[in-house]
Amino acid sequence: MSKLWVLALTLLCAFFAPSALSFTNPLKNPNGSDPFIVHDSGYYYLTTTTWNNVQITRATSIAGLKTATPVTVYSTSTASRCCNVWAPEIHKVNGIWYIYFTAGQNTDLGGQRAHVLQGKSDFHHENEYSAYLVLSKHSPNAWVIDGTVLTVSGANYFVFSSFSPSNLQSLYIAPMTNALTLGAMTLLSQPTLSWETVGMPVNEGPAALYNGTKVWLSYSASYCWTSAYSLGLLEWTGGNPTSPSSWIKSGPVFSSAFGNFGTAHNGFFTSPDGKETWLVYHSSLSDPAKCDGSRVTMAQKLGWHSNGEPLFGSPRALSDNVPVPSGDGS
């Protein structure tokens with residue numbers, strides 16, 4: 001074989017071969033539900049619902065999350081918050097790292113409450129944490145799940161899912177006096193549109209998204225045991241963030257496709273170099289979607305329209321070789 005043919009064959013193979021700087025989904029399977037990722041000081045930190053504790057998986061590359069060993073940072077036998085541990089999220093508030101999560105009793109789901117674990121200014125997953133009941137000052141008996149932190153014009157707010165006076169599982173917002181204390185909770189969004197009410201009317205799993213001065217809240221709509229479970233979007237239009245009139249609803253913006261079903265309960269994270277915004281979400285690999293530990297963690301780059309609005313696209317197929325986040329050396 002001539003040197004020319006060898007060169008041509010080498011180039012052809014390189015062209016069709018998947019990039020070394022790519023990964024395949026899922027990042028976690030099983031127990032990949034309700035995922036949240038942050039990147040800080042050279043590490044990705046992943047949390048998911050593991051049902052009876054809070055675990056953090058840490059890796060220097062996004063692909064490394066698939067094989068890294070999780071570390072348990074919270075587990076308790078205290079009856080009021082021992083069980084049904086859901087949706088932990090890692091947030092830095094006033095220079096300190098916190099993990100917000102839902103927990104309750106092992107007998108039923110009526111005792112679900114929001115809790116927070118306090119860490120340190122330098123975040124390591126081996127830190128010791130202390131647990132607090134977040135809403136104890138204002139709503140000690142409120143059923144609260146899926147809490148997240150929203151920052152608007154320098155002020156922090158806690159956004160979560162609870163039941164409205166109409167008995168609809170809805171989104172609420174409360175100003176944060178500090179990382180552990182909330183002001184009065186206000187109803188922000190109720191599931192009233194057709195795509196929010198499949199199986200059961202639901203608004204849950206909020207996540208904050210930013211692009212320059214623009215602010216959004218994504219959220220999960222419809223019943224999680226259906227494949228119609230999808231993402232909606234609230235866009236802040238200015239004014240008081242606790243007023244429903246300050247937000248415009250649209251959706252669904254991200255829904256089942258390419259062998260992924262019930263693609264919702266997401267988070268957003270930035271690439272290691274800060275140049276890209278990424279979407280992490282869970283998916284069920286069967287139709288209709290399941291709402292249990294069989295769900296998997298998926299990640300893909302978020303796009304942007306020319307006007308600065310987010311472009312979610314469609315869920316990536318499991319067979320896709322996904323380019324790694326910008327600045328990830330994998």
Side-chain angles (χ1 to χ4, degrees), residues 23 25-28 31-50 53-74 85-102 114-129 134 146-152 156-160 176 179 205-211 215-218 265-282 297-302 310 322 324-330:
F23 70 98
N25 282 305
L27 296 179
K28 187 171 183 179
N31 284 335
S33 306
D34 312 329
F36 197 83
I37 290 178
V38 296
H39 187 274
D40 182 72
S41 301
Y43 287 94
Y44 295 89
Y45 296 90
L46 167 66
T47 57
T48 64
T49 289
T50 48
N53 57 26
V54 175
Q55 297 180 359
I56 302 177
T57 304
R58 183 177 74 165
T60 56
S61 67
I62 194 165
L65 291 173
K66 300 173 71 170
T67 55
T69 301
V71 172
T72 298
V73 296
Y74 173 82
V85 181
W86 299 344
E89 295 189 1
I90 305 166
H91 294 276
K92 200 170 197 177
V93 180
N94 298 327
I96 302 295
W97 288 104
Y98 297 88
I99 302 176
Y100 296 88
F101 67 101
T102 302
H115 301 269
V116 57
L117 307 176
Q118 181 175 320
K120 300 178 181 179
S121 59
D122 54 337
F123 179 53
H124 299 288
H125 62 336
E126 295 90 351
N127 280 354
E128 294 182 0
Y129 291 83
V134 174
D146 297 350
T148 196
V149 177
L150 166 72
T151 303
V152 179
N156 295 323
Y157 302 85
F158 196 62
V159 188
F160 53 93
M176 300 177 72
L209 174 64
Y210 311 95
N211 187 19
V215 180
W216 300 267
L217 283 167
S218 67
H265 203 123
N266 75 294
F268 301 100
F269 65 98
T270 55
S271 59
D273 62 6
K275 295 180 179 179
E276 297 174 348
T277 301
W278 275 65
L279 172 70
V280 61
Y281 58 97
H282 72 221
T297 297
M298 307 280 289
Q300 62 191 68
K301 182 181 174 181
L302 183 73
V322 182
V324 300
S326 179
D328 183 322
S330 287

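In this chain, numbering begins with 1 at the start of the sequence shown.
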Visitor: Go through the steps for Ser326 and Asp273 under the test side-chain hydrogen bond (donor to acceptor under 3.5 Å, both in side chains), then give the verdict.
Guide: CA-CA 6 Å; Ser326 179; Asp273 62 6; 2.3 Å; yes
Visitor: Would Lys28 and Thr50 satisfy side-chain contact (heavy atoms from CB on, under 4.5 Å), going step by step from the backbone distance to the final call?
Guide: CA-CA 11 Å; Lys28 187 171 183 179; Thr50 48; 3.8 Å; yes
Visitor: If you round to the nearest 0.5 Å, how far is CH2 of Trp97 from CG of Leu117?
Guide: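 Here the rounded value is 14.0 Å.
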Visitor: What closest approach, in Å, do Pro70 and Gln55 show between heavy atoms, and which atom pair accounts for it?
Guide: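 Heavy atoms of Pro70 and Gln55 come nearest at CB-OE1, 3.4 Å.
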Visitor: Using the rule given for side-chain hydrogen bond (donor to acceptor under 3.5 Å, both in side chains), can you reason through Asn156 versus Thr151, listing the C-alpha separation, both sets of side-chain angles and the distance that settles it, and then say yes or no?
Guide: CA-CA 4 Å; Asn156 295 323; Thr151 303; 2.8 Å; yes
Visitor: List the steps and the verdict of side-chain contact (heavy atoms from CB on, under 4.5 Å) for Ile56 and Ile99.
Guide: CA-CA 10 Å; Ile56 302 177; Ile99 302 176; 3.6 Å; yes
Visitor: With a distance cut-off below 6.0 Å to the six-membered ring centre and an angular limit of 45° from the axis, does Arg58 pair with Tyr45 as a cation-pi contact?
Guide: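 Checked: cation-pi criterion not met.
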Visitor: Just checking Tyr43: does its OH atom have more than 12 heavy atoms from other residues, nucleotides or ligands closer to it than 6.0 angstrom?
Guide: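 Result for OH/Tyr43: open.
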Visitor: Begin from the C-alpha positions of Asn266 and Ser218 and carry the test side-chain hydrogen bond (donor to acceptor under 3.5 Å, both in side chains) through to its verdict.
Guide: CA-CA 8 Å; Asn266 75 294; Ser218 67; 2.9 Å; yes
Visitor: Looking only at the side chains, is there a donor atom on one of Tyr281 and Gln300 sitting less than 3.5 Å from an acceptor on the other?
Guide: yes
Visitor: What are the two closest heavy atoms between Phe36 and Ile90, and how far apart are they?
Guide: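 Taking Phe36 first and Ile90 second, the nearest heavy atoms are CE2-O, 3.1 Å.
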Visitor: If you count heavy atoms of other groups shown closer than 6.0 angstrom to NZ of Lys66, is the number above 12?
Guide: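 Check passes, neighbour count above 12.
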Visitor: Report yes or no: does Asp146 contribute a side-chain atom to a donor-acceptor pair with the main-chain N or O of Pro206 at less than 3.5 Å?
Guide: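 Side chain of Asp146 to backbone of Pro206: no pair is present.
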Visitor: For Val149 and Tyr100, which heavy atoms make the closest approach, and how far apart are they?
Guide: CG2-CE1, 3.7 Å
Visitor: Of all the heavy-atom pairs spanning Thr297 and Gly32, show the shortest one and how long it is.
Guide: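 The answer is OG1-O, 2.8 Å.
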Visitor: Find the distance between CG (Leu150) and OG1 (Thr148) and round it off to the nearest 0.5 Å.
Guide: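 Reported value, rounded in 0.5 Å steps: 8.0 Å.
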Visitor: Do Tyr44 and Val38 come within less than 4.5 Å of each other through their side chains, counting heavy atoms only?
Guide: no
Visitor: If you apply the rule side-chain contact (heavy atoms from CB on, under 4.5 Å), what do you find for Asp34 with His282, and how did you get there?
Guide: CA-CA 6 Å; Asp34 312 329; His282 72 221; 3.4 Å; yes
Visitor: Is Thr57 reaching over with its side chain to a backbone N or O of Ala68, donor-acceptor style, under 3.5 angstrom?
Guide: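 Flag not set: sc Thr57 to bb Ala68 has no pair under 3.5 Å.
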Visitor: Does some side-chain heavy atom of Phe101 sit less than 4.5 Å from a side-chain heavy atom of Trp86?
Guide: no
Visitor: With a 4.5 Å heavy-atom cut-off, do Asn25 and Val322 have their side chains touching?
Guide: yes
Visitor: Is the distance from the ring center of Phe269 to that of His39 below 6.0 Å?
Guide: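 For Phe269 and His39, the ring centres are not under 6.0 Å apart.
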Visitor: Do Thr49 and Val85 touch side chain to side chain, with heavy atoms closer than 4.5 Å?
Guide: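 Answer no - side chains too far apart.
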Visitor: Does His265 use its side chain to pair, donor to acceptor, with the backbone of Gly205 at less than 3.5 Å?
Guide: no
Visitor: Indicate, with yes or no, if the rings of Tyr98 and His91 have centres closer together than 6.0 Å.
Guide: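 Centroid distance Tyr98-His91: not below 6.0 Å, so no.
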Visitor: Quick one: does Ser271's side chain have a donor or acceptor within less than 3.5 Å of a partner on Glu276's backbone?
Guide: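 Side chain of Ser271 to backbone of Glu276, a donor-acceptor pair under 3.5 Å: yes, one is there.
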Visitor: Would a 4.5 Å heavy-atom cut-off, applied to side chains only, mark Thr72 and Val54 as touching?
Guide: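 Thr72 does not reach Val54 side chain to side chain.
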Visitor: Applying side chain to side chain contact (heavy atoms under 4.5 Å, CB included), can you list everything that pairs with Thr270, at least two apart in sequence or on another chain?
Guide: none
Visitor: Is there a side-chain contact between Ile96 and Gln118 (heavy atoms, below 4.5 Å)?
Guide: yes
Visitor: Counting C-beta onward and ignoring hydrogens, is there a side-chain heavy-atom pair between Ile62 and Leu27 closer than 4.5 Å?
Guide: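 The answer is yes; the side chains approach within 4.5 Å.
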Visitor: Using every non-hydrogen atom in the two residues, find where Leu302 and Pro310 come nearest and quote the distance to one decimal.
Guide: CD2-CB, 4.2 Å
Visitor: When rounded to the nearest 0.5 angstrom, what is the spacing between CD1 in Ile37 and CH2 in Trp278?
Guide: 9.5 Å
Visitor: Nearest 0.5 Å please: distance from the CD atom of Glu89 over to the OG1 atom of Thr48.
Guide: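 The OG1 atom of Thr48 is 12.0 Å from CD of Glu89, to the nearest 0.5 Å.
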Visitor: Which is it for Val159 and Leu217 under the side-chain contact (heavy atoms from CB on, under 4.5 Å) test, yes or no, and what are the steps along the way?
Guide: CA-CA 9 Å; Val159 188; Leu217 283 167; 4.2 Å; yes
Visitor: Minimum heavy-atom separation for Pro88 and Thr47, please, with both atom names.
Guide: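 It is O-OG1, 2.7 Å.
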